[in-house]
Amino acid sequence: MKKVRGILIGRMQPVHNGHMQIIDKILEEVDEIIIGIGSAQLSHSIKNPFTAGERIVMVSQALAERGVDPTRYYIIPMQDINFNALWVSHVKMLTPAFTKVYSGNHLVKQLFSEEGYDVKQPPLYDRLQLSGTEVRRRMIKNENWEELVPKATVNLINEINGVERIQNLSLKEISEYNNSYK
Ligand code: NAD
C-alpha cells in the first residue's frame, strides 16, 4: 500500500520539546515523516548557532531517546535559496514524495499552499517557552534552558560546548555593535 508521508521543516536551532511533541502528533497521522533541517548553510550566529550536522545529530538522538521507529522518518538538511517562488521545487528535489505539509511558519504555509499542497497548522505547545529564541536567550543568560529540550539534546550541546559558543557569539555581536558607534 502507498505510504502517506508528511513533511515538517524547521531550523531546529536547537531542537526543543515543542518540535518533539509536534513530530509525535504528525506520526499519528502519517506513515512516515520527512524532517527538513532548514537554513542548513547557517551556523555560528546567535540566531543560528548550530551547524546542519549538529542539528541532524540532535534530531536523530532525540527521536531515538523517544523510541521513535527509525524506519518512519528521514532527516534531510536543506539550504535556503534566494528564490521563494522556486523553494517548494527545491524541497521536492531533496526529499521523497510527500502529500502533507505541517508548518506554523507563514511563508512556508503560503509557498506550499500556492503549489496545491494540503498544509496543516499544527497546534503550538507552550509557545512562550518552547521556542528556539527562548532556548537561546536562556543559554546566553545562564538560565535553565535544559528543561526546554530533550535530554539527548542537552548532552549533545554540552559535548560540543554549545553554551560557550552562543555566549561567545553574543559577546562578538555586542562588540561589533559598539564598534559601529565609535
Ligand atoms: P522553527 O524551528 O522555528 O519551527 C519549525 C516548525 O516547528 C514550525 O513550523 C512550527 O510549526 C513547529 N514548532 C515550533 N515551536 C513549536 C511549539 N512550541 N509547539 C509546536 N510546534 C512548534 O523553524 P522555521 O523558521 O519555521 O523553519 C522554516 C525554514 O524554512 C527556515 O530554515 C527557512 O529559512 C526555510 N525557508 C526557506 C525558504 C527559501 O530558501 N527561499 C523559503 C521559506 C522557508
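Since we're looking at a predicted model, the values are computed, not measured. Every number for a ligand or one of its atoms is a count from 1 in the order of the listing.
From the protein, the heavy atom lying nearest to atom 15 (N) of ligand 1 is R127 NH1, 2.7 Å. Of all protein heavy atoms, the one closest to atom 9 (O) of ligand 1 is G104 N, 2.8 Å. The closest protein non-hydrogen atom to atom 41 (N) of ligand 1 is N84 OD1, 2.7 Å. For atom 23 (O) of ligand 1, the closest heavy atom belonging to the protein is R11 N, 3.0 Å. In terms of protein heavy atoms, atom 30 (O) of ligand 1 is closest to W87 CZ2, 3.6 Å. Among protein heavy atoms, the minimum distance from atom 19 (N) of ligand 1 is reached at Y125 N, 2.8 Å. Protein heavy atom closest to atom 29 (C) of ligand 1, with residue, atom name and distance, is I9 CG2, 3.9 Å.
The contact set between ligand 1 and S103, taken as ligand atoms under 4.0 Å from a residue heavy atom, comprises 9 (O), 11 (O). Taking every heavy atom of L107 and a limit of under 4.0 angstrom, the matching atoms of ligand 1 come to 42 (C), 43 (C). Ligand 1 places these atoms under 4.0 Å from at least one heavy atom of L130: 15 (N), 17 (C), 18 (N). Taking a cut-off of under 4.0 Å to the non-hydrogen atoms of S39, the atoms of ligand 1 that pass are 31 (C), 32 (O), 33 (C), 34 (O). The contact set between ligand 1 and L124, taken as ligand atoms under 4.0 Å from a residue heavy atom, comprises 16 (C), 17 (C), 19 (N), 20 (C), 21 (N), 22 (C). Atoms of ligand 1 found under 4.0 Å from any heavy atom of G38 (numbered from 1 in listed order, with element): 32 (O). Per-residue contacts place M12 under 4.0 angstrom from the following atoms of ligand 1 (heavy atoms of the residue considered): 2 (O).
Between E147 and R138, at least one side-chain N (NZ, or NE/NH1/NH2) sits under 4.0 Å from a carboxylate O, which counts as a salt bridge. At a threshold of 4.0 Å, the pair E143-R137 counts as salt-bridged, since one of the basic side-chain nitrogens sits closer than that to a carboxylate oxygen. A salt bridge does not link R72 to D31: none of the charged side-chain nitrogens sits closer than 4.0 Å to a carboxylate oxygen. Look at K151 and E146 and you find no salt bridge, because none of the NZ, NE, NH1 or NH2 atoms lies under 4.0 Å from a carboxylate O.
For a threshold of 3.5 Å applied to N or O pairs, the pair formed by N105 and ligand 1 contains at least one separation below that value. Ligand 1 has no nitrogen or oxygen under 3.5 angstrom from a nitrogen or oxygen of Q79. On a distance-only criterion, H19 and ligand 1 share at least one N/O pair closer than 3.5 Å. The distance criterion of under 3.5 Å between nitrogen or oxygen atoms is met by I81 with respect to ligand 1. For ligand 1, the polar-atom distance check finds no N/O of V108 at less than 3.5 Å from any of the ligand's N/O atoms.
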field: Steps toward side-chain hydrogen bond (donor to acceptor under 3.5 Å, both in side chains) verdict (Q167, N142)
entry: CA-CA 9 Å; Q167 289 179 347; N142 279 323; 2.9 Å; yes
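Of the inter-residue distances, the one linking L148 atom CG with M139 atom CE reads 9.5 Å to the nearest 0.5 angstrom.
Defined by atom type and a distance below 3.5 Å, a donor-acceptor pair is missing between the side-chain atoms of S43 and N48. Counting only N and O atoms by type, the side chains of E65 and Q61 include no donor and acceptor under 3.5 Å apart. Between the side chains of Q121 and K109, at least one donor N or O lies within less than 3.5 Å of an accepting N or O. Checked by atom type, the side-chain pair E32/Y74 shows a donor-acceptor distance below 3.5 Å. No side-chain N or O of S103 forms a donor-acceptor pair with one of N105 less than 3.5 Å apart.
I35 and W87 are assigned to two separate hydrophobic clusters, defined by single-linkage of ILVMFWY side chains at heavy-atom distances under 4.5 Å. In the hydrophobic clustering of ILVMFWY residues, with side-chain heavy atoms under 4.5 Å counting as a link, I75 and M93 come out apart.
The proximity of P123 to ligand 1, defined as any non-hydrogen pair under 4.0 Å, is limited to the backbone.
By the 4.0 Å heavy-atom criterion, H16 is counted among the residues contacting ligand 1.
At a distance under 4.0 Å, no protein heavy atom can be found next to atom 3 (O) of ligand 1.
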